[in-house]
Amino acid sequence: MKNRFGFLWHIPLILLGVTFLLPLAFMLATALSRPGEAMQATDSFTAMLWPRSWQWENFAEVWRVVPFLRYYANSLFVAVVVTCGQVFTSACAAYAFSRLRWPGRDKLFLAYLATMMVPHSVTMLPNFVAMKILPEWLTAVLPGIDWLAMRYIGSGPDAIPIGRLVGLDSYFALIVPGMFSAYGTFLLRQFFLGLPKELDEAAKIDGCSYWQIFRLVIIPLALPGLATLTIFTFMGIWGSFLWPLVVTNQEFLRVLPVGLQAFQGQYGTEWHLMMAAALLMLLPIVGIFLAGQRFFVSGLTIGAVKG
Amino acid sequence: MSPKPPGQRQETRAALCFLLPNLIGFLLFTAWPVVASFALSLTSWDLLTPPRWAGLENYSNLLGFHRTVEGLRANDPDFWKYLGNTLFLMLVIPVNMAGSLALALALNRKMRFSYVYRVIFFLPSILAGVAIFYLWRWMYNPDFGLINAALATIGIEGPRWLTDPQWAKPALMAMSVWLGVGGGSMILYLAALQGVPTDLYEAAEIDGAGAWQKFRVITWPSVMPVTFFIFTMALIGGFQSGFDMAYIMTGGGPFGSTTTIGYYIYTKAYVLFEMGYASAVAYVLFVIVLAVTLVNWKRGGNQLQ
């Protein structure tokens with residue numbers, strides 16, 4: 001009896017699933033509408049969910065009306081460098097915390113764990129102040145270099161501005177503070193602890209150095225863990241808003257979340273372009289999600305079960 | 001004293017090398033700032049003129065009360081209002097948790113397309129962020145947005161959502177349900193449900209237990225540790241959250257009705273450049289989060305056993 005009416009179970013789920021997708025349908029319909037069309041009243045609810053016109057041109061327009069390519073490149077560059085840096089530093093530290101024995105190890109790890117509780121805004125304030133005063137401080141210590149100057153790649157009218165070397169309005173500020181993570185260290189330590197201890201012993205007997213054990217034994221076996229951290233970090237940095245907002249003022253240093261504001265024009269928001277741009281920003285996230293689904297589950301559960 | 005095994009010194013040195021890159025960053029960007037922001041909170045500093053030592057002045061301005069003819073008044077009524085806003089927005093936590101558990105229960109059975117549903121429910125939490133906040137600002141547009149159009153089809157004239165002081169907070173909370181109900185907590189609940197031994201249910205069925213009894217006696221206690229974990233994490237996150245959402249969708253308004261503690265810190269620090277005061281607010285937030293964690297940790301420790 002249960003099986004015959006099993007399909008009934010799908011009815012509420014389908015309704016709910018469709019409801020969940022409605023906002024995204026509305027997003028796409030708006031992104032494909034002609035300029036001003038989204039701001040014309042319709043009397044029909046369904047007409048808002050299906051594109052009234054198929055203005056694919058909007059997705060090209062986005063790159064023309066604002067320096068969207070620069071925002072995109074900035075976001076990609078920052079996210080890739082931070083992710084590589086964070087995975088590398090976290091993996092190294094996690095190896096020291098999980099596979100090596102040394103005095104004070106567990107105490108230091110506890111200190112790492114404790115800082116995961118500190119609200120972001122607490123650490124962000126001094127970091128902001130540090131970025132603000134860093135160029136002046138470096139000028140006093142190392143006067144040979146002009147730390148305050150805005151830099152360019154190339155010269156003449158085609159020069160590409162890249163901001164300061166350090167401090168506010170620099171890639172340094174966007175990237176370096178994000179490269180170290182107590183959470184990443186914790187996550188990878190949990191993964192490393194799950195690997196049998198005999199592996200290290202065997203490799204040691206074979207004459208491997210610690211670096212070789214790390215590179216040739218631990219890393220290959222912990223690839224799912226590294227993939228999990230890679231995905232989480234990339235997505236976190238890709239979407240991060242407050243820190244880039246406060247440390248950059250120059251348009252050429254904007255990342256996507258900050259750059260989207262450009263579509264809020266003086267005379268109201270151009271919603272068709274805003275939604276097209278937002279969809280372009282979400283595209284890599286959807287791709288990563290679909291490609292790396294199983295890592296999401298492992299990443300979520302490892303924090304819960306063992307934390 | 002036991003003799004150190006040979007190679008221990010070498011191992012310690014190797015450990016230090018592996019640790020160093022991370023440790024330097026950890027000390028510079030996390031550990032030191034925790035101390036520095038407390039020091040900042042004891043000063044008055046606008047970043048232009050040299051900082052002035054203020055002692056506990058910021059804290060008394062923030063948390064203190066003074067006597068007026070009408071009675072006791074807070075020195076900083078805004079802070080209490082924004083703390084209230086933060087707590088109000090956190091009322092969505094139990095709603096989301098109940099929803100997550102319901103979804104997990106619905107999906108935790110052998111059926112076709114289970115995977116598709118899971119992806120659909122999970123999707124919003126993956127996309128969450130600035131892009132989605134713009135989408136929902138557009139959804140809540142009173143004249144051309146989807147929400148009021150949907151309400152119009154059933155004959156309701158929708159409010160002006162994000163610009164109406166009464167409706168702005170519920171609007172943000174409704175969005176939070178969409179974002180969070182199928183997210184990480186649903187996945188955690190699903191994992192927990194899959195760990196419940198099926199023979200428990202079979203035994204209960206033989207004893208004639210109904211669906212509700214099975215849930216109350218078997219399912220609920222089994223997922224208790226996960227419930228506890230999700231709740232703690234949501235509380236910790238909840239006290240700190242709300243900035244991105246409010247900045248994009250409401251600008252903290254109307255009339256400060258969606259300004260949270262996180263938003264207040266932003267305004268004080270990066271708009272008004274009152275670094276000392278902002279640090280004091282951040283530290284109060286820190287103490288709140290710490291207290292919540294410790295209380296939960298103590299109580300949870302008993303619960304898990």
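Lettering follows sequence order; numbering is per chain, from 1.
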Please flag which part of A:Ser209 lies under 4.5 Å from any non-hydrogen atom of chain B: side chain, backbone, both or neither. neither

Can you tell which part of A:Arg99 gets under 4.5 Å to a heavy atom of chain B, answering side chain, backbone, both or neither? backbone

Whether B:Ser114 side chain and B:Met111 backbone form a donor-acceptor pair below 3.5 Å: no

Please classify the contact of A:Leu245 with chain B as side chain, backbone, both or neither, using a heavy-atom distance under 4.5 Å. side chain

Toward chain B, the part of A:Phe263 with a non-hydrogen atom under 4.5 Å: neither

Structural part of A:Met179 lying under 4.5 Å from a heavy atom of chain B: neither

Could you look at A:Thr185 and say if it's the side chain, the backbone, both or neither that has a heavy atom under 4.5 Å from chain B? side chain

B:Phe121, part contacting chain A, at a heavy-atom distance under 4.5 Å: both

Heavy-atom contact with chain A under 4.5 Å, split by part of B:Phe286: both

If I take atom CZ from residue B:Phe26 and atom CG from residue A:Leu108, how far apart are they, to the nearest 0.5 angstrom? 7.0 Å

B:Asn22 and A:Tyr112: side-chain donor and acceptor closer than 3.5 Å? yes

By a 4.5 Å heavy-atom criterion (distance strictly below it), what part of A:Val118 contacts chain B: side chain, backbone, both, or neither? both

Using modelled atom types only, decide if a donor and an acceptor are shared between the side chain of B:Thr12 and the backbone of A:Trp102 within a distance under 3.5 Å. no

Proximal component of B:Ile248, with respect to chain A [non-hydrogen, under 4.5 Å]: side chain

Can a cation-pi geometry be assigned to A:Arg189 and A:Phe109, taking NZ or CZ under 6.0 Å from the six-membered ring centre and within 45° of the ring axis? yes

Can you tell which part of B:Pro21 gets under 4.5 Å to a heavy atom of chain A, answering side chain, backbone, both or neither? both

Side chain, backbone, both or neither: which part of B:Leu135 has a heavy atom under 4.5 Å from chain A? both

The interface call for A:Trp238 against chain B, heavy-atom contacts under 4.5 Å, is neither

Region of B:Phe38 that comes under 4.5 Å of a non-hydrogen atom in chain A: neither

Cut-off 4.5 Å, heavy atoms of chain B, and the answer for A:Tyr95 is side chain

Is it the side chain or the backbone of B:Val181 that comes within 4.5 Å of chain A heavy atoms, both, or neither? side chain

If one checks every heavy atom of B:Leu103 against chain A at 4.5 Å, the contacting part turns out to be side chain

Can you tell which part of A:Met131 gets under 4.5 Å to a heavy atom of chain B, answering side chain, backbone, both or neither? side chain

State whether a side-chain donor-acceptor pair under 3.5 Å links B:Tyr134 with A:Gln264. yes

When the 4.5 angstrom heavy-atom criterion is applied to B:Glu11 and chain A, the contacting part is both

Okay, B:Ile132 and chain A: the region with an atom under 4.5 Å from a heavy atom over there is side chain

Proximity breakdown for A:Gln261 and chain B, heavy-atom pairs closer than 4.5 Å: both

Let me know if A:Val258 has heavy atoms under 4.5 Å from chain B in its side chain, its backbone, both or neither. neither

What part of B:Ala152 gets within 4.5 angstrom of chain A, counting heavy atoms only: side chain, backbone, both, or neither? neither

Cut-off 4.5 Å, heavy atoms of chain B, and the answer for A:Ile288 is neither

Cut-off 4.5 Å, heavy atoms of chain A, and the answer for B:Ile187 is side chain

If one checks every heavy atom of A:Phe20 against chain B at 4.5 Å, the contacting part turns out to be both

